[in-house]
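The block underneath contains the structure these notes are about, expressed in C-alpha cells.
If you're wondering where the values come from, they're calculated on a predicted model, not measured in any experiment.
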Amino acid sequence: MTNMNYREYTALMSAVDKIMEDRTVSISENPNWGADLKTFGVNWSACGTQSIEDAKKFAEKINKACKIAEKLNAMQITVNYDEEELDREAYMALISKYIEELQD
C-alpha cells in the first residue's frame, strides 16, 4: 500500500497528465466516494469514424493509458489530506520521478 499526502498525489496525477499529452484519452480516479483506496480507470472521447491509421494511433493511446492505470491501481494508493508543504522544486522533482516510474 502506498500512503501519500495530497501534494504527492497531485504531483503523481500531474505526471500522468504529462505522459498522456492530450485529452482524447485520459486516466482518472474512479468516483468511489468515501473509499480510502484510490482506483483508476481510462476515459476516452468519442471520435466517430476515423481512418485505419488514426484508429491504430488512438488504440495505442488507450493501451498506454491502460498500462499506466494498472500501475496506479497496483500501487494501492491512499491519500492523507492533511496539509503538508512541499516547495516548488521538491514538487517538480516528484512529478519527474513519477513520469519515469509510470513509463517503465
Side-chain angles (χ1 to χ4, degrees):
M1 185 158 304
T2 304
N3 192 357
M4 52 180 67
N5 65 43
Y6 183 69
R7 291 290 283 172
E8 291 171 317
Y9 180 67
T10 58
L12 174 65
M13 296 316 294
S14 291
V16 169
D17 287 344
K18 285 182 185 279
I19 292 168
M20 293 312 299
E21 298 168 353
D22 65 32
R23 306 309 291 169
T24 57
V25 178
S26 62
I27 298 163
S28 54
E29 184 180 324
N30 287 328
N32 296 329
W33 301 112
D36 289 332
L37 183 66
K38 303 289 183 188
T39 59
F40 300 87
V42 177
N43 187 3
W44 61 87
S45 60
C47 57
T49 303
Q50 300 293 317
S51 69
I52 293 170
E53 195 56 41
D54 286 345
K56 286 179 181 179
K57 288 178 187 175
F58 192 70
E60 288 170 5
K61 287 182 185 180
I62 291 173
N63 190 41
K64 179 179 181 180
C66 288
K67 289 177 181 178
I68 292 171
E70 286 174 334
K71 287 180 182 182
L72 292 171
N73 288 334
M75 291 171 70
Q76 296 187 322
I77 299 168
T78 59
V79 179
N80 175 0
Y81 289 97
D82 293 337
E83 283 297 315
E84 189 169 323
E85 288 297 315
L86 275 178
D87 63 42
R88 178 165 171 73
E89 188 175 310
Y91 183 73
M92 298 308 287
L94 269 177
I95 292 172
S96 295
K97 173 188 163 236
Y98 290 134
I99 286 172
E100 287 179 30
E101 286 179 6
L102 293 170
Q103 293 190 100
D104 285 341

I need the minimum non-hydrogen distance between [X] and [Y], along with the two atoms involved.
| X | Y | value |
| --- | --- | --- |
| Ile68 | Leu102 | CG1-O, 4.0 Å |
| Met20 | Ala65 | CE-CB, 3.7 Å |
| Gln76 | Met1 | O-CG, 3.2 Å |
| Ser14 | Ile95 | CB-CD1, 3.8 Å |
| Ile77 | Phe40 | CD1-CE1, 4.1 Å |
| Lys71 | Glu101 | NZ-O, 3.7 Å |

Say you draw a straight line from [atom1] of [X] to [atom2] of [Y]; how long is it, rounded to the nearest 0.5 Å?
| X | Y | atom1 | atom2 | answer |
| --- | --- | --- | --- | --- |
| Tyr98 | Met4 | OH | CE | 3.5 Å |
| Phe58 | Ser51 | CZ | OG | 12.5 Å |
| Leu94 | Ile99 | CG | CD1 | 11.0 Å |
| Asp54 | Thr49 | CG | OG1 | 12.0 Å |

Say whether Tyr6 and Leu37 are linked into one hydrophobic cluster, either directly or through other cluster members, by side-chain heavy-atom distances under 4.5 angstrom.
-> no
Among Val25, Ile27, Val42, the one residue meeting side-chain contact (heavy atoms from CB on, under 4.5 Å) with Cys66 |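 Single side-chain contact (heavy atoms from CB on, under 4.5 Å) partner of Cys66 among Val25, Ile27, Val42: Val42.
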Hey, is the main chain of Met75 close enough, under 3.5 Å, to the side chain of Thr2 for a donor-acceptor pair?
->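 A pair under 3.5 Å: yes.
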Please check if the side chain of Glu100 supplies one atom and the backbone of Lys97 the other of a donor-acceptor pair under 3.5 Å.
->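 The answer is no, because no donor-acceptor pair under 3.5 Å joins these two groups.
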Only counting residues at least two apart or in another chain, list the ones meeting side-chain hydrogen bond (donor to acceptor under 3.5 Å, both in side chains) with Thr39.
->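 With sequence neighbours excluded, Thr39 shows a side-chain hydrogen bond (donor to acceptor under 3.5 Å, both in side chains) to Asn30, Asn32, given in chain and number order.
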Any residue meeting side-chain hydrogen bond (donor to acceptor under 3.5 Å, both in side chains) with Asn43, in chain and number order, not counting sequence neighbours = none
Check the pair Thr10 / Tyr91 against side-chain contact (heavy atoms from CB on, under 4.5 Å), numbers first and verdict last.
-> CA-CA 9 Å; Thr10 58; Tyr91 183 73; 3.5 Å; yes
Apply side-chain contact (heavy atoms from CB on, under 4.5 Å) to Lys38 and Met13, showing your working.
-> CA-CA 12 Å; Lys38 303 289 183 188; Met13 296 316 294; over 6 Å; no
Is Leu72 close to Glu29 at the side-chain level, that is, under 4.5 Å between some pair of heavy atoms?
->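 The answer is no; the side chains never approach within 4.5 Å.
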